[in-house]
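Let me begin by presenting the structure, written as structure tokens, before commenting on it.
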Number of protein chains: 2
Amino acid sequence: MSNHETVNEILVRLFANILDIEEKCLKIGEFADLSITEMHVIDNIGLTSERTMSDTAKAVKVTSGTLTTAIDNLIKKGYVERRRSSEDRRVVKIRLTERGREAYKSHEDFHKDLVTSALQQLNSHEEEVLIKVLTNIDEFFSEKYKYAGWY
Amino acid sequence: MSNHETVNEILVRLFANILDIEEKCLKIGEFADLSITEMHVIDNIGLTSERTMSDTAKAVKVTSGTLTTAIDNLIKKGYVERRRSSEDRRVVKIRLTERGREAYKSHEDFHKDLVTSALQQLNSHEEEVLIKVLTNIDEFFSEKYKYAGWY
DNA sequence: CAAATATAATTTGACTATCAAAGTAATTGG
DNA sequence: CCAATTACTTTGATAGTCAAATTATATTTG
């Protein structure tokens, strides 16, 4: 099998299943009541004191309506708090609860482990190669995006 | 920023958005009436003469009920044909129509372009490095899977 | 061979994630 | 001060998914 074919095969499999795989990994652990989507919202809210709904919706790339229901559920599950801003009462600020911060850290660790596994046995030159490839993939999608009118 | 952080940042972004990105790319082209999920079913059926429903469901990692409705839609859209096996009348065989094969090839080309972009400017040693890294990532997930009882 | 069991697929009922559009409440700019 | 804008929520719809019930057929077994 050529290098091209090998790379294609692994990339296709990783890309097609990555969210699924990540969700399955999530379900093994302590935060099994979170979907991968919810974990990504938690990841995006992050450890910063507070964020607005609209900033978060934009960052997670969902409509604000979608985020409202997602946050409703995360509040029910005890991961997020919501309060109305007193400066501008249209604005809603959200932040992670203590449990939310624990979930955030757990997810962060998962990614750190992944990267450590990915980079193991690579010397710094090889790490540079990987970064070049990932940047190329990034640019491939940006280029396609451009035609889709996304940039 | 360290190499670890850079790799983490790009991987997280790619993994979190990859299906979304691929779907958006799909919507630019000729096969805009297909979702990325449907394209992956088409990809899995492939160019081989015929497949059973159960084999396909297993490969795509959905229940057979889910596949039934997916195939219903793909038939409506003209990408897939379905017939009952005459050897075993419980079995349903599916295969791509001519339009289905065109969609398949278009998707294949997309992946080929992606890999070509990814590998551009790499010499063969560097390609080997990439394969090593991708294999590491693959194994990281396999290892996690094992604990989840997936293997 | 007839009945019980197993298999392949479909149907049903439920749930999550999503969007667009309509609605509500608050702020801002003329 | 009121028209337009902004921030968010609600509503109604769709896609994708599963588990469990159902249907049809095949296989096993007493």
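Letters go in sequence order (proteins before strands), and every chain restarts at 1. Keep in mind that this is a model prediction, so the values were computed, not measured.
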- prompt: Looking at B/N3, B/L130, B/V129, which one forms a side-chain contact (heavy atoms from CB on, under 4.5 Å) with A/E126?
  reply: B/V129
- request: Answer with base, sugar-phosphate or nothing: what part of the nucleic acid does A/T68 contact at a heavy-atom distance below 4.0 Å?
  value: base
message: I need the NZ-P distance between B/K24 and C/dT18, as an integer number of Å.
response: 11 Å
- prompt: How many Å lie between NZ on B/K93 and C1' on D/dT25, as a whole number?
  reply: 15 Å
- line: Judged by nearest nucleotide, the residue sitting upstream toward the 5' end of DNA chain C, A/E87 or B/L67, is B/L67
- request: Calculate the interatomic distance between A/D72 atom CG and D/dT9 atom C1'; express it in whole Å.
  value: 9 Å
- prompt: Over how many whole Å does the gap from B/H40 atom NE2 to D/dG16 atom C1' extend?
  reply: 15 Å
- prompt: Rounding to a whole Å, what distance do you find between A/R83:CZ and D/dA7:P?
  reply: 16 Å
- prompt: How long is the line joining CG of B/L34 and P of D/dT14, in whole Å?
  reply: 19 Å
- prompt: D/dG16 P sits how many Å from B/N73 CG, rounded?
  reply: 7 Å
- prompt: DNA chain D: B/G65 or B/R89, which has the more 5' nearest nucleotide?
  reply: B/G65
- request: Using a strict cut-off of less than 4.0 Å between a Lys/Arg side-chain nitrogen and an Asp/Glu carboxylate oxygen, indicate whether B/E98 and B/R101 qualify as a salt bridge.
  value: yes
field: Selected nucleotide, minimal atom distance to A/M53 side chain, candidates D/dT9, D/dT5, C/dA8
entry: D/dT9
- request: Could you check whether A/S35 gets within reach of a base, just the sugar-phosphate, or nothing at all, counting any heavy atom under 4.0 Å?
  value: sugar-phosphate
query: Whole-Å distance between C/dT11 C1' and B/I71 CD1?
result: 16 Å
- prompt: Which is true for A/T69 with a 4.0 Å heavy-atom rule: it touches a base, it touches only sugar-phosphate, or it touches nothing?
  reply: base
query: Between C/dT10, D/dG16, D/dA7, which one does the side chain of A/V91 approach most closely?
result: D/dA7
message: Under 4.0 Å from OP1 or OP2 of D/dA7: is there any side-chain N or O of A/R51 that close?
response: no
message: Of the listed nucleotides (C/dT7, C/dT27, D/dC18), which one gets closest to any side-chain atom of B/T63?
response: D/dC18
Closest nucleotide among D/dA26, C/dT10, D/dT6 to the A/R90 side chain: D/dT6
Side chain B/K27, main chain B/A32, donor-acceptor under 3.5 Å: yes
- request: Would you mind telling me which residue lines up with the more 5' stretch of DNA chain C, B/T66 or A/V62, judged by nearest nucleotide?
  value: B/T66
query: Parallel, tilted or perpendicular: which describes the rings of A/F141 and B/F110, with under 30° parallel and over 60° perpendicular?
result: tilted
Which atom pairs, donor and acceptor, lie under 3.5 Å between side-chain atoms of residues 70-80 of chain B and protein residues at least two apart or in another chain?
unit_1	atom_1	unit_2	atom_2	d
B/D72	OD1	B/R82	NH1	3.4
B/D72	OD1	B/R82	NH2	2.5
B/N73	ND2	B/T69	O	3.3
B/K77	NZ	B/D33	O	2.7
B/K77	NZ	B/E38	OE1	2.9
B/K77	NZ	B/E38	OE2	3.2
B/Y79	OH	B/D33	OD1	2.6
B/Y79	OH	B/D33	OD2	3.4
B/Y79	OH	B/R99	NE	3.4
B/Y79	OH	B/R99	NH2	3.2

